[in-house]
Protein chains: 2
Amino acid sequence: MANSASGDSVVDRVVRVIEAFPEGADALPLSELAERSGLPLSTAHRLVRQLAGHGLLELGAGGNVRLGLRFWELVSRNSPALALRQAAMPFMEDIQQVLKQNVNLGVLEGWEVLFVERLSRRGSVANRARVAGRMPVHISSAGLALMAHQTPALQAEYLTQFHDPAGKVTAGVVRQMLAETRRQGFAELAGVVDPDTWGIAVPVLDGGRRAVAALGVVVPLAEVRLQALVPALQTAARGIGRQLADLSEFRSTESV
Amino acid sequence: MANSASGDSVVDRVVRVIEAFPEGADALPLSELAERSGLPLSTAHRLVRQLAGHGLLELGAGGNVRLGLRFWELVSRNSPALALRQAAMPFMEDIQQVLKQNVNLGVLEGWEVLFVERLSRRGSVANRARVAGRMPVHISSAGLALMAHQTPALQAEYLTQFHDPAGKVTAGVVRQMLAETRRQGFAELAGVVDPDTWGIAVPVLDGGRRAVAALGVVVPLAEVRLQALVPALQTAARGIGRQLADLSEFRSTESV
DNA sequence: ACACGCCGTACCATTGAATGGAAGCCGGAC
DNA sequence: GTCCGGCTTCCATTCAATGGTACGGCGTGT
């Protein structure tokens, strides 16, 4: 920009600032924010002040910066995420009541699962899925349930670019898992995320039988009762799908 | 800016675009977005494309624009709103279980209540509070509970600027309601939001006995059992307050 | 107590990125 | 086939964005 050759626009920089917040850290010093976003201190300072002027960021005591409630409000109130959540919540509560287990709801974002909602039963097993957190498709039951019910083209693309950093899983294995998931109508993953837990998820299908979300539970390995779990999940998932079709004409015009 | 005399920066415009989404509408045509944000079509178009390039907005079929999941993810994952919600959820579920009523959680934003979470019991009475929605302080029990436990200075400022557009309520009346709320330790509002419902809310206090949030229920007028409701709410509110103090050192560095 | 260093804030000449009117372009309606 | 509305692209003009530099305040180490 003016007087500089950074090669990115103001919008890019604003986005960079927002993205610079590391997951989980609610406040961080300006200098760190500048460094993390790769911006000169002056520039970061100016942008932060402008955003703070609109309430999107809040300036704490010692110049710490954090996201503002106003920002959350603006983005949440019209987000497809909230619409989906709204439609799913009652069903998720039912599941939680009946099965007494952790429930979560995820969507496909890029090549990962983005968890939109989670209900944790106190005293139940740990649930790695965090709200607004991500997980790789191939190591989450929700991910498998989602990917198994995408268009063949998208699945092919996914498998092509697939690469397990740990190097333990090959694209072929994932392909088989997806096929199995599709055949069964639900995804199961034992002891992968956590050694003592079992993840089970079913797809929430839209009119075209494409998965727009996945509904899953995390249960202790000891007490797996597939016969009871799966039908309940599937029923709930259908309910969610119907709700989406009815209420808000929820479309998932994904552009990977 | 360059070649123009609009008087606002790029950041201002980006914010204007985001704010232009009317509450509840998940997608709208570019032209309407441009008009609502008061920007020339060219400019709006450029900004939207840039934001969409980062996934913060998504471009639908006919050039419709909507907020992207990525945006929700970025803003939610580090928002104080999510931290608060996380701490409060188990207690809200308890309340919902025990009292079998709608539960909501709000914070003070500007001179209004911003609802951060809501659990609706199916078949229960209507609940006007929407997640990421707002309500005036003086016509919501959550608002009264929050304002009644702010610093005297802030309360005075609130009462000074207070003006009821409907012209029915005076600042004096609100002052009395706040005093009563403080005296009782909880706020009650009958038939104001909805003629057949009763709203009851208690403050979630921080170390300095300032309200950082309000926990409330909405019950049918017929079945009000204050003796049962209030203690339960207060217990839950204390639990939430403790959780906040423990976990995340939740501070509310409000700058009205 | 003093000096140093770190970090947030303020300043300001330079300059190229942002601007938006106008002209294409596409698709649907009549 | 033609028209219309809305999205998209183009491009000369120009002023807002930039960031190196300097200041001030606070905590730390000596």
Side-chain angles (χ1 to χ4, degrees), chain A residues 1-22 25-68 249 251 253 255, chain B residues 1-22 25-68 249 251 253 255:
Chain A
M1 26 235 50
N3 196 18
S4 147
S6 329
D8 46 17
S9 67
V10 177
V11 173
D12 294 330
R13 298 178 172 206
V14 170
V15 174
R16 204 107 62 74
V17 167
I18 299 169
E19 285 178 336
F21 284 87
D26 58 319
L28 70 172
L30 175 61
S31 56
E32 191 179 336
L33 188 64
E35 190 180 13
R36 292 185 61 89
S37 57
L39 294 174
L41 185 61
S42 296
T43 304
H45 179 244
R46 183 161 24 84
L47 291 179
V48 166
R49 276 184 67 87
Q50 288 187 6
L51 289 169
H54 289 280
L56 303 200
L57 298 182
E58 287 174 11
L59 296 173
N64 302 48
V65 187
R66 65 153 132 184
L67 294 177
E249 182 59 55
R251 295 137 305 179
T253 327
S255 49
Chain B
M1 24 232 53
N3 196 21
S4 146
S6 328
D8 46 17
S9 67
V10 178
V11 173
D12 294 330
R13 299 177 172 206
V14 170
V15 175
R16 205 107 62 74
V17 167
I18 299 169
E19 285 178 336
F21 284 86
D26 58 317
L28 70 172
L30 174 60
S31 55
E32 191 179 336
L33 188 64
E35 189 181 14
R36 291 185 61 89
S37 57
L39 295 174
L41 184 61
S42 296
T43 304
H45 179 247
R46 183 163 22 86
L47 291 179
V48 166
R49 277 185 66 87
Q50 288 187 8
L51 289 169
H54 289 279
L56 302 200
L57 298 181
E58 287 174 11
L59 296 173
N64 303 49
V65 187
R66 65 155 132 182
L67 294 177
E249 182 59 56
R251 293 138 304 178
T253 327
S255 49

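Chain A is the first sequence line, chain B the second, and so forth, proteins listed ahead of strands; every chain is numbered from 1.
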### Query
Does B:Ser37 offer a backbone N or O that forms a donor-acceptor pair with the side chain of B:Arg16 under 3.5 Å?
yes

Nearest whole Å is fine: how far is [N] [atom2] from [X] [atom1]?
| X | N | atom1 | atom2 | result |
| --- | --- | --- | --- | --- |
| A:Leu57 | C:dG8 | CG | P | 14 Å |
| A:Asp12 | D:dA17 | CG | P | 15 Å |
| B:Leu39 | C:dG20 | CG | P | 8 Å |
| B:Arg49 | C:dG20 | CZ | P | 18 Å |
| A:Gln50 | C:dT9 | CD | P | 14 Å |
| A:Leu47 | D:dA17 | CG | P | 9 Å |
| B:Leu30 | D:dT9 | CG | P | 12 Å |
| A:Arg13 | D:dA16 | CZ | P | 17 Å |

Phosphate OP1/OP2 of [N]: any [X] side-chain N/O under 4.0 Å:
| X | N | result |
| --- | --- | --- |
| A:His45 | C:dT9 | yes |
| B:Thr43 | C:dG20 | yes |
| B:Arg46 | C:dA18 | no |
| B:Ser31 | D:dC7 | yes |

Show the distances under 3.5 angstrom between N or O atoms of the protein and N or O atoms of nucleotides 3-5 of chain D.
none

Separation of [Y] [atom2] from [X] [atom1] (nearest 0.5 Å):
| X | Y | atom1 | atom2 | answer |
| --- | --- | --- | --- | --- |
| A:Leu67 | A:Leu56 | CG | CG | 9.0 Å |
| A:Leu28 | A:Asn64 | CG | CG | 7.5 Å |
| B:Arg13 | B:Arg46 | CZ | CZ | 8.0 Å |

If you look at every heavy atom in [X] and [Y], which pair is closest and at what distance?
| X | Y | result |
| --- | --- | --- |
| A:Asp26 | A:Phe21 | O-CE2, 4.5 Å |
| A:Leu33 | A:Ala20 | CD1-CB, 3.6 Å |
| A:Ser31 | A:Leu41 | CA-CD1, 4.1 Å |

Tabulated below should be each protein N or O lying under 3.5 Å from an N or O of nucleotides 20-28 of chain D; please produce it.
residue : atom : partner : partner atom : Å
D:dG20  : N7   : A:Ser42 : OG           : 3.3
D:dG20  : O6   : A:Ser42 : OG           : 2.8

### Query
In terms of heavy-atom contacts, does CD of B:Glu19 have more than 12 from other residues, nucleotides or ligands at under 6.0 Å?
yes

### Task
Could you tell me whether A:Arg36 atom CZ has more than 12 heavy atoms of other residues or ligands within 6.0 Å of it?
yes

